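Letters A, B, ... mirror the listed sequences (proteins, then strands); counts begin at 1. Quick caveat: nothing in here was measured; it's all calculated off a predicted structure.
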Amino acid sequence: MSKNTQRLPSKYNPHDVEKDRYKFWVDGKFFEATGDKEKEPFTIVIPPPNVTGKLHLGHAWDTTMQDTIARMKRMQGYDVLWLPGMDHAGIATQAKVEEKLQAEGKSRHDLGREKFLQVAWEWKEEYAQFIRNQWEKLGLGVDYSRERFTLDEGLSKAVRDVFVTLYEKGLIYRGEYIINWDPQTKTALSDIEVIYKETNGQFYHLRYPIKDSEETIHIATTRPETMLGDTAVAVHPDDERYKHLIGKTVVLPIVGREIEIVADESVDMEFGSGAVKITPAHDANDFEIGNRHGLERILVMNEDGTMNENAGKYAGMDRFECRKQIVKDLEAQGVLFKIEDHVHQVGYSERSGAVVEPYLSTQWFVKMKPLAEAAIKMQQSSEKVHFFPERFERIYLHWLENIRDWCISRQLWWGHRIPAWYHKETNEIYVGREAPEDIENWEQDEDVLDTWFSSALWPFSTMGWPDEDAVDFQRYFPTDVLVTGYDIIFFWVARMIFQSKEFTGRRPFKDVLIHGLIRDAEGRKMSKSLGNGVDPMDVIDKYGADSLRYFLLTGSTPGQDLRFQWEKVEATWNFANKIWNASRFALMNLEGFTYDDIDLTGDLSLADKWILTRLNETIEHVTRNTDKYEFGEAGRNLYNFIWDDFCDWYIEMAKIPLYGDDEVKKQTTRSVLAHVLDQILRMLHPFMPFITEEIWQKLPHEGESITVAQWPVVQEQFHNEKAAAEMERLVSIIKSVRNIRAEVDTPISKEITMLIQCENNDIVKELENERHYLERFCNPGKLVIAEEVNVPEKAMSAVVTGAQIYLPLEGLIDIDKEIARLEKELEKWTKEVERVQKKLANENFVNKAPQAIVDEERAKEKDYLDKQAKVKARLAELKA
RNA sequence: GACUCCGUAGCUCAGAGGGAGAGCACUUGCUUGACAGGCAAGGGGUCAGUGGUUCGAUCCCACUCGGAGUCACCA
């Protein structure tokens, strides 16, 4: 089925091009995985965006890369599944919903758990639709029939299954430990949800009195308010300064509690005073020391960061208020004797920004070591996950090697509720996939799981697992490539790998492509507070999705950050417009021409042979680089092929037959034009889906949509080195002539005769065959091509390999200027000759360098010597 | 403290063991029947520095300087 051609407007308008196109694709089900057994599956799962807001440029970047891969693979004949979905994003979403409630003067507690969750689900639906609309505008070819959400029934089942299994294996446990507490959102956090920032603080030096003694012991702290919970002072057992105090008792100032001085090797004698106050309920190290010495744990804060009843008169005060007050009080008592300014690392909550409090609390944990070890070991096997760029593998491994247990319980409502029940009377714990039968006697754990606990299962939970016979899981897992930013390697990539290894025995993806961050034009991170964020939808409104996509794909190299610059998007628009107009030209010349009319077996012109050769090279290059995820490299290569080779040379050369009246030649040229443009559009389609589909539909084509057209393959029969060499000579001649013309101020009259003196008769014949090109591009009055030409006295000249060009320009030529120009040229060739000869004179080079390189240099030497001699001779003539 | 990345044209960035590239900006000339958001011709870089490996280094290695980041940590 072939279609006839249509006309295009003279300017590329992305709105017209993109309008309704996505609907056409979705309605045509071009993006749906077919399960076709004839085809090999190729799978990508989208990193599920949070349902908290709109997508930003980072998402646009990330998903565009996936779309590019998916589209190419689809065209290469794979059964592509690109599975979309979203993440419930526990803390983030709950915070947004609470914010919304607050605006209405309500809190989540006013609503109660059930009602609150209902509101959250409504929120989710609303934002999910925003996100889908944005995917649409970006042109992402995802399979909506398989869209998933982390709180879906199926995924929740997977979560419960994983939790219960790990619990049964002893890899999940519940216990009272020091965790990172966010007093603002009132939940525990995992280690990586804490961001450490250098913060100006103070170092407070205290003297704790020794009981029944005049002596005091000097300790220093950055968090004096925690002293209310001190239950010991620790020194190093070998510390001569304090040896005699070990076992003695300290009377804790203000509190009056008597606490022991203990010896512990973990104390650093060099740091501070060498004596440490021990607060097991508010510091991870102190907690460990406390365990070793059987110390009491006294919690002095509430969940909201205010002091509790154990803080005595400070009860009810905010922790930082308390700090101020306690400093005053200690100072008054003479306990505090020095305050130093101190820059130290303070942990902040990734979500709320609140200062994280190390806090004693009962939480659920994943025992990481066995899981991490298995994942590390997998990297030595054939199930290795390949990182692109490779260096991120080291970062990943380093993290796993030093991993600590993962605190997975969160004091939130929005999320997967922990499948643990506590017996109301016996306090017995039940962990199971389903609630206990005598549910009235049990109470379920109030907490939910860390969002990342469910995202860690994403590559398989979305495909029907834990049902291992699920059709999609069987066919599409493991996935082929994951695309994500380096900022979530720990949060997500690593966790998917170890969970996948543990539960499926396989890697979750073969490759992982890591990209950087999007920055503003000045290189700053885009952030709300700076107000320097750019909405991808604004970019699309202005320049179209294709321009945005191409900019994102080619703007950086894997693993590097990307600066957003409007000028670059604009430059990409120019490129799109170029393609648009080249296509417009093609359509104007393909009136009545159909896909079936394409016939490349005819008598091809030099231009035809050359462009087909270049097309082959481009196909090879673009395919290879896209396969390696080198989109920048592939995109630039395509850009150069399209703009420089196809538009600037091929189309211009094709105008000769197209505007001529030889119908046979015209048909051949139309065939090549239609074919090359078709192949270009196909290769460009993964990068710029909209414009390519639009043009392709209008060109002679076969098939319903370019999305399912076959990816171009190299056609060896069109590889023609001779044509490439001839073209090179031709281009050199044309450029030389243009060059000469640029030297002459006044326009050159058409009366001029252009003379080309060739080295041998073969070249004469060759150039005679290509005469029409020379006539069109150089536009001389007369063109003489011969082995010997009569060189007029007043002429400008140029040398190319195998030939010498003369342009007699009586009256226009300034002999002195021409001499100066030629002298410059002579200098250039002389330099080249020297460089090459020096190289060839080096025995080591000739003996050790690869033969091909040496031969190449020898050929250059010959060529340069020849040119040098010709220029020299011409100079002599002029000077005579 | 450990590790990673970056330093190439005025700007933003590619690149590759064998004569330095692109886009934008700049200069000059063009209403050339696809495109003036275009065409053509140009100018502009000791590829941060110092050593080393090599026949050959801007590219590989070491160190130094400058910029960015990740992880860990001392109370």
Round to a whole Å and report the spacing from [atom1] of [X] to [atom2] of [N].
X: A:N402; N: B:C3; atom1: CG; atom2: P; answer: 13 Å
X: A:D283; N: B:C73; atom1: CG; atom2: C1'; answer: 12 Å
X: A:L517; N: B:C5; atom1: CG; atom2: C1'; answer: 13 Å
X: A:L562; N: B:C6; atom1: CG; atom2: C1'; answer: 15 Å
X: A:H621; N: B:A22; atom1: NE2; atom2: P; answer: 15 Å
X: A:D487; N: B:C5; atom1: CG; atom2: P; answer: 18 Å
X: A:I339; N: B:A75; atom1: CD1; atom2: P; answer: 17 Å
X: A:F777; N: B:A41; atom1: CZ; atom2: C1'; answer: 16 Å

Could you give the distance separating [M] and [N] at their [atom1] atoms, to the nearest angstrom?
N: B:G21; M: B:U58; atom1: P; answer: 15 Å
N: B:A9; M: B:C61; atom1: P; answer: 22 Å
N: B:G49; M: B:C3; atom1: P; answer: 25 Å
N: B:U8; M: B:C47; atom1: C1'; answer: 4 Å
N: B:C11; M: B:A25; atom1: C1'; answer: 8 Å
N: B:G44; M: B:C24; atom1: C1'; answer: 14 Å
N: B:U46; M: B:G10; atom1: P; answer: 8 Å
N: B:U32; M: B:A16; atom1: C1'; answer: 38 Å

Does [X] reach a base, just sugar-phosphate, or nothing at all? Heavy atoms under 4.0 Å.
X: A:T222; result: sugar-phosphate
X: A:N847; result: nothing
X: A:I651; result: base
X: A:Y486; result: nothing
X: A:Q560; result: sugar-phosphate
X: A:E401; result: nothing
X: A:W573; result: base
X: A:N577; result: sugar-phosphate
X: A:K11; result: base
X: A:R391; result: sugar-phosphate
X: A:V846; result: nothing

- Item | 5′-ward residue of the pair A:R394/A:D191 relative to RNA chain B |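 Looking at RNA chain B, the more 5' nearest nucleotide goes with A:R394.
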- Between A:I192 and A:R738, name the one whose nearest nucleotide on RNA chain B is closer to the 5' end.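 Nearest nucleotide further toward 5': that of A:R738.
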- Message: Is there a side-chain contact between A:N844 and the phosphate of B:G56, meaning an N or O under 4.0 Å from OP1 or OP2?
- Response: no
Considering every strand shown, what is the Watson-Crick or G-U wobble mate of [N] when both distances are under 3.5 Å?
N: B:G44; value: none
N: B:C59; value: none
N: B:A72; value: none
N: B:A20; value: none
N: B:A25; value: none
N: B:A9; value: none
N: B:G38; value: B:C30

Atom pairs under 3.5 Å, N or O on each side, protein against nucleotides 15-18 of chain B: can you list them with distances?
residue: B:G15; atom: OP1; partner: A:T557; partner atom: OG1; Å: 3.2

May I ask you to check whether over 12 heavy atoms, not counting those of [X], lie within 6.0 Å of atom [atom1]?
X: A:H398; atom1: NE2; answer: no
X: A:E620; atom1: CD; answer: yes
X: A:D661; atom1: CG; answer: no
X: A:E390; atom1: CD; answer: no

Determine whether the aromatic ring centres of [X] and [Y] lie less than 6.0 Å apart.
X: A:Y208; Y: A:H218; value: no
X: A:F203; Y: A:H205; value: yes
X: A:F564; Y: A:F551; value: yes

Interface polar pairs with nucleotides 23-33 of chain B, N/O, under 3.5 angstrom:
residue: B:G33; atom: N2; partner: A:R776; partner atom: NH2; Å: 3.4

- Message: I'd like to know whether A:Y486 forms a side chain to side chain donor-acceptor pair (under 3.5 Å) with A:D561, so could you lay out the CA-CA distance, the side-chain angles of the two residues, the decisive distance to 0.1 Å, and finally the verdict.
- Response: CA-CA 10 Å; A:Y486 58 62; A:D561 290 350; 2.7 Å; yes
- Message: Looking at A:W573, I'd like to know if the NZ or CZ of A:K578 sits under 6.0 Å from its six-membered ring centre while staying within 45 degrees of the ring's axis.
- Response: no
- Message: Quick test of your reading of the model: are A:K698 and A:E694 salt-bridged, counting only N-O distances below 4.0 Å?
- Response: yes
- Salt-bridged, A:K628 to A:E630, with N to O below 4.0 Å?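 Judged by the 4.0 Å cut-off on N to carboxylate O distance, A:K628 and A:E630 do not form a salt bridge.
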- Could you walk me through whether A:H621 and A:N625 pass side chain to side chain donor-acceptor pair (under 3.5 Å), step by step? CA-CA 6 Å; A:H621 195 282; A:N625 280 290; 3.2 Å; yes
- Testing B:A34, B:C71, B:A14 for proximity to the side chain of A:S556, the answer is B:A14
- Query: So which nucleotide from B:A41, B:C71, B:A34 ends up closest to the side chain of A:K578?
  - Reply: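 Out of B:A41, B:C71, B:A34, the nucleotide with an atom closest to A:K578's side chain is B:A34.
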- Message: I'd like to check A:V346 versus A:K197 (side-chain heavy atoms, cut-off strictly below 4.5 Å). Are they in contact?
- Response: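 Contact flag for A:V346/A:K197 side chains = no.
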